[in-house]
**Q** 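Please find one structure pasted underneath; my questions will follow.
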Amino acid sequence: MFNLAIGLGVVLLLAILFLIFRISSLISVAKGNTNKIATSSNKINGALFMLFLIGGGFLFFWYSIKEFDNYNLPVASEHGSEYEFMFWITMAVTGVVFVLTQILLFYFSWKYQYKEDSKALFYPENNKLEVVWTFVPAVVLAILVFTGWRVWTDITAPAPENTNNIEIMGYQFAWGVRYPGLDGELGNSDYREIDATNNFGIDFNDKAAYDDFIPREMHIPKGEPVTFNIRARDVLHSVFAPHFRLKMDAVPGMPTTFTFTATKTTEEMREELNDPEFNYEIACTEICGRGHYSMKLTLIVDEPKEYREWYAEQESFLKRNPEYLTKVPNDLKEVALLKTGIDNKELD
Amino acid sequence: MSTAAEVNIDQDVHHDEHHDYEQSFISKYIFTTDHKMIGKQFLITGIMWGLIGVGMSVIFRLQLGFPEMDLGWLRPLLGGWISEQGKLDPEFYLALVTMHGTIMVFFVLTAGLSGTFSNYLIPLQIGARDMASGFMNMLSYWFFFLSSVVMMASIFIETGPAAGGWVVYPPLSALPQAIQGSGLGMTLWLVAMVFFIVSMLLGGINYITTVINLRTEGMSFSRLPLTIWAFFLTAVIGLLSFPVLFAAALLLVFDRSFGTSFYLSDIYIGGEALPNMGGSPILYQHLFWFLGHPEVYIVLLPALGITSEVIATNSRKPIFGYKAMIGSMLGITVLSFVVWAHHMFVSGLNPFLGSVFMFLTLIIAIPSAVKVFNYLTTLWKGNIIFTPATLFSIGLVSFFISGGLTGIFLGNSVIDIQLHDTYFVVAHFHLVMGSLSIFGLLAGVYHWFPKMFGRMMDEKLGHIHFWMTFIGVYMIFFPMHYIGIAGFPRRYYSWTNFDAFSSYTDLNMFVSVAAFVTVAAQFIFLFNFFYSMYRGKRAPQNPWRSNTLEWTAPIEPGHGNWPGEIPKVYRWPYDYSKPGAKEDFIPQHIPLSHTPESNLDHEVELAKKEVVDKTANAQSNA
Ligand code: HEM
Ligand SMILES: [Cu+2]
Ligand SMILES: [Cu+2]
């Protein structure tokens with residue numbers, strides 16, 4: 001019933017619009033408007049361009065200023081400030097060009113609208129002008145490219161020796177993290193070793209894997225370089241940590257990395273934002289299926305001291321899942337027990 | 001190859017006798033080899049696809065703007081894709097986004113724009129009877145049609161259409177275990193795209209041959225209207241890049257169906273480790289974007305060409321910097337092939353390569369800037385008549401600026417780290433590629449409608465349509481920049497899982513409402529289009545008082561375009577408001593020797609050497 005009413009309403013509305021349309025075209029025929037080069041609506045359109053320019057310009061500035069703190073996420077990494085610098089320089093340059101060219105476009109449209117007694121200027125070319133506006137953008141862009149390139153080489157430079165390696169693995173539809181344990185070295189993995197418990201396909205032929213741990217929460221230290229060793233198990237994913245200005249795809253069969261240094265602990269950020277609930281989040285930004293929009297990982301930034309404490313408390317994967325000891329080659333069993341901190345007694 | 005053209009050329013002499021031969025309905029409207037009818041076929045099919053693509057965006061804008069809404073009322077349309085609770089299925093959301101992207105980019109803005117106007121305008125503007133090969137041209141449309149049928153069918157199958165994004169990156173698109181849409185839906189997508197590529201290649205070869213071989217006497221490359229230059233270069237880009245997409249698709253077919261490992265490696269999915277090893281998903285990305293980026297210009301250049309023509313005509317001024325315009329289009333054509341990896345800055349690409357592609361990408365901004373400045377200067381001191389086509393062209397330039405400038409952010413690998421795959425990208429490409437090209441298409445329709453159908457579209461409705469669409473587009477896509485800077489990822493069914501992306505619900509709602517209004521405004525256009533086709537005011541010979549050749553053909557040109565001889569060309573197409581001239585335009589077929597009052601110095605010399613035939617005399621006296 002309700003649908004019918006809506007349907008009828010729409011039909012009526014359309015009928016009325018159609019009538020208005022018919023009448024107005026009849027009137028314009030009657031007025032003899034049809035043979036003129038430009039009808040009276042020419043003035044209106046010209047004026048509307050100016051109106052659009054002023055109105056749109058106002059909305060643009062008003063909203064950009066009012067919302068500044070909302071769309072501008074606080075920065076929490078060292079390279080993040082370099083990113084911000086690059087972003088805002090580009091914004092300044094393009095912003096000026098944007099405003100100027102839009103003003104010219106709409107102003108010219110309004111100012112040079114058709115007048116019966118005026119004639120357009122025959123002005124087919126001016127090579128000097130062409131050279132100028134090829135050259136000036138070229139120089140400006142060269143500056144932007146050059147600064148960008150320097151920041152880029154900085155950000156993508158090889159990780160320092162003392163970096164904290166952490167593995168992040170994307171799978172449908174969550175992230176897993178693995179830490180290298182006390183030896184500071186991530187063990188090998190092999191996707192054929194993956195099963196329901198050994199999510200990462202840890203390869204127990206590698207000594208370095210025995211103390212690797214897979215925590216429930218992800219922690220990183222503040223002020224120290226951290227390297228994400230990123231991989232994917234099934235399809236593409238992408239690690240995106242907006243506050244750190246960090247993004248890198250997770251590719252099955254091709255590990256990638258991203259090295260950065262956090263500058264604010266979670267606590268500090270909570271204070272800065274005055275939001276006790278605040279948490280750093282990692283999202284997935286490469287379409288990966290049904291749950292793409294829900295691949296969230298919370299990341300906690302600690303002071304280095306707290307981080308070390310937390311780190312030391314974690315139990316290795318092998319310790320938690322001793323049944324995997326059977327996968328360890330016989331000659332390495334001793335090493336495994338030692339590194340995982342499993343007591344021989346515990347096993348019996 | 002060019003039998004049809006030869007026939008047509010043979011007909012030149014005794015064309016008049018053949019003029020009225022009866023064509024059956026089928027050979028006139030369906031399996032036609034007439035470029036004009038084929039252009040219209042592309043146009044109508046494109047408009048139909050546009051409605052479907054835009055309709056899909058309405059559905060996912062409902063989801064994004066009003067996530068709480070009960071969508072149960074869509075069940076008659078979408079069936080099982082709406083859950084018991086009236087929620088859209090997240091996988092179907094992705095399928096919608098994928099289909100929307102595919103349809104808009106390929107079916108509407110490649111086939112619908114290039115297909116329509118290259119076909120319609122190339123022979124008419126260069127002074128040819130038809131395309132080089134009418135038969136290939138017909139095949140081009142019918143392959144497109146076949147492709148459309150297959151793509152359309154894929155929307156209705158049980159597992160849904162392809163859902164891996166319009167770029168269909170493997171492994172997602174290769175593994176039916178990963179997402180339903182990668183089953184039969186993806187197979188159909190690939191089949192449809194293969195037909196589509198065949199169609200574009202057949203069309204492209206034709207456009208190129210026609211422009212090179214069939215120009216009328218006097219129509220040198222330096223006298224071609226910019227529309228033709230644009231269509232020509234677009235076809236060149238397509239010819240060089242579509243085969244690469246073909247290759248990428250073929251390898252994907254092998255991976256999907258024949259157990260190869262071009263793109264697959266180290267995959268554990270659905271509780272099982274796949275045997276594939278040694279493949280690289282990145283290889284697919286390189287191949288895809290080798291087409292994908294030039295594709296952006298395939299969509300863009302025709303729109304820019306149309307704008308050049310419309311702006312020059314309606315500001316009654318020569319296009320400023322004709323040679324610079326051609327130069328910048330050539331520059332864009334060449335550079336468009338060497339910037340593809342800017343879509344892959346954070347794909348794990350070697351950072352050094354990233355720097356190289358950042359450098360190349362920002363170079364391509366220069367010819368684009370030159371074009372903008374030239375448009376501005378063309379408007380300067382003009383005498384602008386705001387036909388609907390002019391309005392859309394001015395709107396187009398505005399989008400070119402807004403969307404082009406955000407490209408400078410995304411082309412910078414540093415800034416792309418944060419902005420990649422966020423709504424900033426959605427805002428960027430919708431302005432510079434989506435809306436710009438749609439505006440080019442609309443400008444073209446408004447401008448050449450009188451030629452196509454012999455009637456005028458209603459001007460007032462055109463104005464209303466423009467203002468609603470222009471403001472609407474800005475209201476939809478401008479706010480997306482803010483959301484993007486705030487980090488909101490694209491292809492997200494909902495953002496509420498994340499604290500960081502939980503704000504801006506009001507802005508998203510606003511965007512959705514703006515989208516609905518804008519979509520509604522397109523019905524004004526549809527009404528105007530179909531109504532005017534039958535009931536519009538009859539078109540005069542040259543309604544916009546334009547210089548190009550198509551306006552010398554009969555109001556409703558028959559097969560072969562000009563009943564008598566093809567007009568000869570004596571000048572460039574932009575002699576508007578020439579000092580000394582009687583009128584504010586001098587069409588291309590008017591000999592210089594007939595306009596001594598307005599000839600420039602170098603033209604005085606040329607006029608002396610000119611050999612004028614009698615048709616020109618007859619026409620310019622008329
Ligand atoms: C009323 C007009 C339109 C609206 C409201 C609209 C809206 C959207 C939105 C919101 C998305 C992102 C969805 C998501 O990431 O979850 C999207 C994606 C896209 N749109 Fe549009 N759009 C419109 C017209 C167009 C046009 C004219 C084009 C032509 C180029 C286009 C091309 C695309 C492409 C290529 C994608 C990306 C698909 C993907 O992510 O795989 N859209 N559209
Ligand atoms: Cu994802
Ligand atoms: Cu690109």
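Letters A, B, ... are given to chains in the order of the sequence lines, protein chains preceding strands, and every chain is numbered from 1.
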**Q** First locate atom CH2 of B:Trp380, then atom OH of A:Tyr123, and finally report the distance between them rounded to the nearest 0.5 Å.
**A** 5.5 Å
**Q** If we ignore hydrogens and angles and just use 3.5 Å, is the side chain of A:Glu281 paired with the main-chain N or O of B:Ala500 as donor and acceptor?
**A** yes
**Q** Nearest 0.5 Å, please: how far is CZ in A:Phe52 from OG in B:Ser398?
**A** 6.0 Å
**Q** Highest number of heavy-atom pairs under 4.5 Å with chain A: which of B:Ile179, B:Thr422, B:Thr361, B:Asp421?
**A** B:Asp421
**Q** With a 4.5 Å heavy-atom cut-off, do A:Leu105 and B:Leu376 have their side chains touching?
**A** yes
**Q** Tell me if the centroids of the rings in B:Trp467 and A:Phe49 come within less than 6.0 Å of each other.
**A** yes
**Q** Check whether any side-chain N or O of A:Glu125 sits under 3.5 Å from a backbone N or O of B:Tyr322 as a donor-acceptor pair, and report yes or no.
**A** no
**Q** Return the option, out of B:Met344, B:Met456, B:Arg545, B:Glu272, with the maximum number of heavy-atom pairs under 4.5 Å with chain A.
**A** B:Arg545
**Q** What's the spacing between A:Glu116 CD and B:Asn383 CG if we round to 0.5 Å?
**A** 10.0 Å
**Q** Does a donor on one side chain sit under 3.5 Å from an acceptor on the other, for A:Glu286 and B:Ser347?
**A** no
**Q** I need the residue from B:Val372, B:Leu461, B:Asp584 with the largest number of non-hydrogen atom pairs under 4.5 Å to chain A.
**A** B:Leu461
**Q** Out of B:Ile282, B:Ile417, B:Ile471, B:Ile366, which one racks up the most heavy-atom pairs below 4.5 Å with chain A?
**A** B:Ile417
**Q** Parallel, tilted or perpendicular: which one describes the rings of A:Tyr63 and B:Tyr482, with boundaries at 30° and 60°?
**A** perpendicular
**Q** Identify which part of A:Thr256 has an atom lying under 4.5 Å from any heavy atom of chain B, answering side chain, backbone, both or neither.
**A** side chain
**Q** If I measure from the heavy atoms of chain B, does A:Asp275 come under 4.5 Å with its side chain, its backbone, both, or neither?
**A** neither
**Q** With a 4.0 Å cut-off, would you call B:Asp416 and A:Lys247 a salt bridge?
**A** no
**Q** Test side chain to side chain contact (heavy atoms under 4.5 Å, CB included) on A:Phe87 and B:Gln418; report intermediate values, then the result.
**A** CA-CA 10 Å; A:Phe87 180 88; B:Gln418 178 79 356; over 6 Å; no
**Q** Donor-acceptor pair, A:Asp234 side chain versus B:Ile269 backbone, under 3.5 Å?
**A** no
**Q** Before giving the answer on ring pair (Phe, Tyr, Trp, His ring centres under 6.0 Å), spell out for B:Tyr268 and A:Tyr191 the whole-Å C-alpha distance, their side-chain angles and the decisive distance to 0.1 Å.
**A** CA-CA 6 Å; B:Tyr268 176 91; A:Tyr191 80 104; 8.1 Å; no
**Q** With no hydrogens and no angle check, is any side-chain donor or acceptor of A:Trp133 less than 3.5 Å from a backbone partner on B:Ala369?
**A** no
**Q** Using the ring centroid of each side chain, check whether A:Tyr71 and B:Tyr504 are separated by less than 6.0 Å.
**A** no
**Q** Between A:Met248 and chain B, which part of the residue has a heavy atom less than 4.5 Å away: side chain, backbone, both or neither?
**A** both
